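Everything below concerns the one structure shown next.
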Amino acid sequence: YRFVDCRHNVVAADAADAPPIVKEIVAGLYTPRRLPGRSETRYRSLPLVLLYDNVGLDLFDRITYLPEYYLANCEIDILRTHTDDIVAQIPDGSDVIDLGCGSLRKTAILLEALNRQRTDVAYYAIDVMPDPLHESISKLVPKFPNIAFVGLCGMYEEVLPRLRESPRQKTVLWLGSSVGNYHTDEVVQFLEQLSSSVLAPDDAILIGMDKLKDRQVILDAYCDPQGLRAEFAFNILAHTSTVIHDYARRLRGSDPSTDCSPPAVFDREQFAYVNTYDDEIGGHKIFLEARDDVSVRWPREIADWISDTYGDAAGDGLVIKRGERIFIEPSYKFGDSAAEVLGRRTGLVLSAKWTDRQENCMLNLFRK
Ligand code: AVJ
């Protein structure tokens, strides 16, 4: 099968030319921002995509097996119950594009049916880390010989330009209520971009959405007694440290295998996992709360650039005060008319929808 690494690996000579993800980390920590909703409080934040390194992807996959994390179970229920209806929407000779495919546990349900019912379907699996992506795909390649597998490694914006290359009809999968990780305005913007740059008339996008429901059910879904969720959230701190230190090492021009390990940017022991639900906006949020005053330790290679950009003392280290919460992840929930609203705002046509037996989640199929 074909594997394409779409990640932009810029090798910068100067700290000011930091890759976008490094700039985003620093900006998010130095510039607290208001979150949607009534509260005026401003929060520092970290880029959500950093939840998903090798460890984070594995933790997320384990989370999907937790009974209280109904999102995965309900979406699997929809996919199993309505497999034939969904597959009927994906004709022979077309491409299936999976945004954030993870372990492929869910998509495998559709691929199994496509392998039986079609002779010519290409499947593009997209995710951010090369090794887990390769591992997920290579498990399925021998099982589904009628499907042409392609792995595309990178973030959405890095991968989308590649998708233009194929002239075939397309069905984009955006499952798992990943859409809930973005505010509606961002979702509309992303779908408009996807539609105008990748989709042709009649191409489809299948979007999984978690429905509004009893707040306690939602809060329980994001807080398990085993502490997998806290682990998942803390891992963003470790991944952030890795990204920052990899960059500092590149600036030093030193070899990662012989380099002694510098102190992490954060100590996870200094944070507590906090999750909240705001009924008014239908939004679940994950935060990491400082248990003490936390000094953020930047490597010296980027300290000057940070102090030039964010003020004199900045490079000496940022202090996050005890009790302050770093915003990690929003998970918006959707009302019954959310899909229609999204259709109206994007110009995409809502052409089919499915729900699970408990009516916890929905799958909505839009066409351009
Ligand atoms: C992957 C976007 C579905 O928001 O529910 C799981 C990830 N975060 N536990 C979600 C997640 C915390 C998640 N999605």
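These numbers were taken from a predicted model, which means no experiment stands behind them. Every number for a ligand or one of its atoms is a count from 1 in the order of the listing.
Shown here are the side-chain hydrogen bond (donor to acceptor under 3.5 Å, both in side chains) partners of Asp61, two or more places apart in sequence or in another chain: Ser103. Checked against side-chain hydrogen bond (donor to acceptor under 3.5 Å, both in side chains), Ser197 has no partners two or more places apart in sequence or in another chain.
The two atoms that bring Tyr273 and Phe234 nearest to each other are N-CZ, 4.0 Å, heavy atoms only.
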Anything under 3.5 Å between a donor and an acceptor, one on a side chain of residues 176-183, the other on a protein residue two or more places apart or in another chain? List them.
from: Ser177; atom 1: OG; to: Asp210; atom 2: N; distance (Å): 3.0
from: Ser178; atom 1: OG; to: Leu175; atom 2: O; distance (Å): 2.9
from: Asn181; atom 1: ND2; to: Glu329; atom 2: OE2; distance (Å): 3.4
from: Asn181; atom 1: ND2; to: Pro330; atom 2: O; distance (Å): 2.8
from: His183; atom 1: ND1; to: Asp185; atom 2: N; distance (Å): 3.2

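Under the 6.0 Å cut-off for aromatic ring centres, Phe287 and Tyr43 qualify, their centroids lying closer than that.
Using the six-membered ring where Trp is involved, His134 and Tyr1 have ring planes that are parallel, under 30° apart on the 30 and 60° scheme.
Taking a heavy-atom cut-off of under 4.0 Å, ligand 1 is surrounded by Tyr52, Phe60, Tyr69, Leu71, Gly176, Ser177, Ser178, Asn181, Tyr222, Arg229, Phe232, Ile286, Glu329, Ser331.
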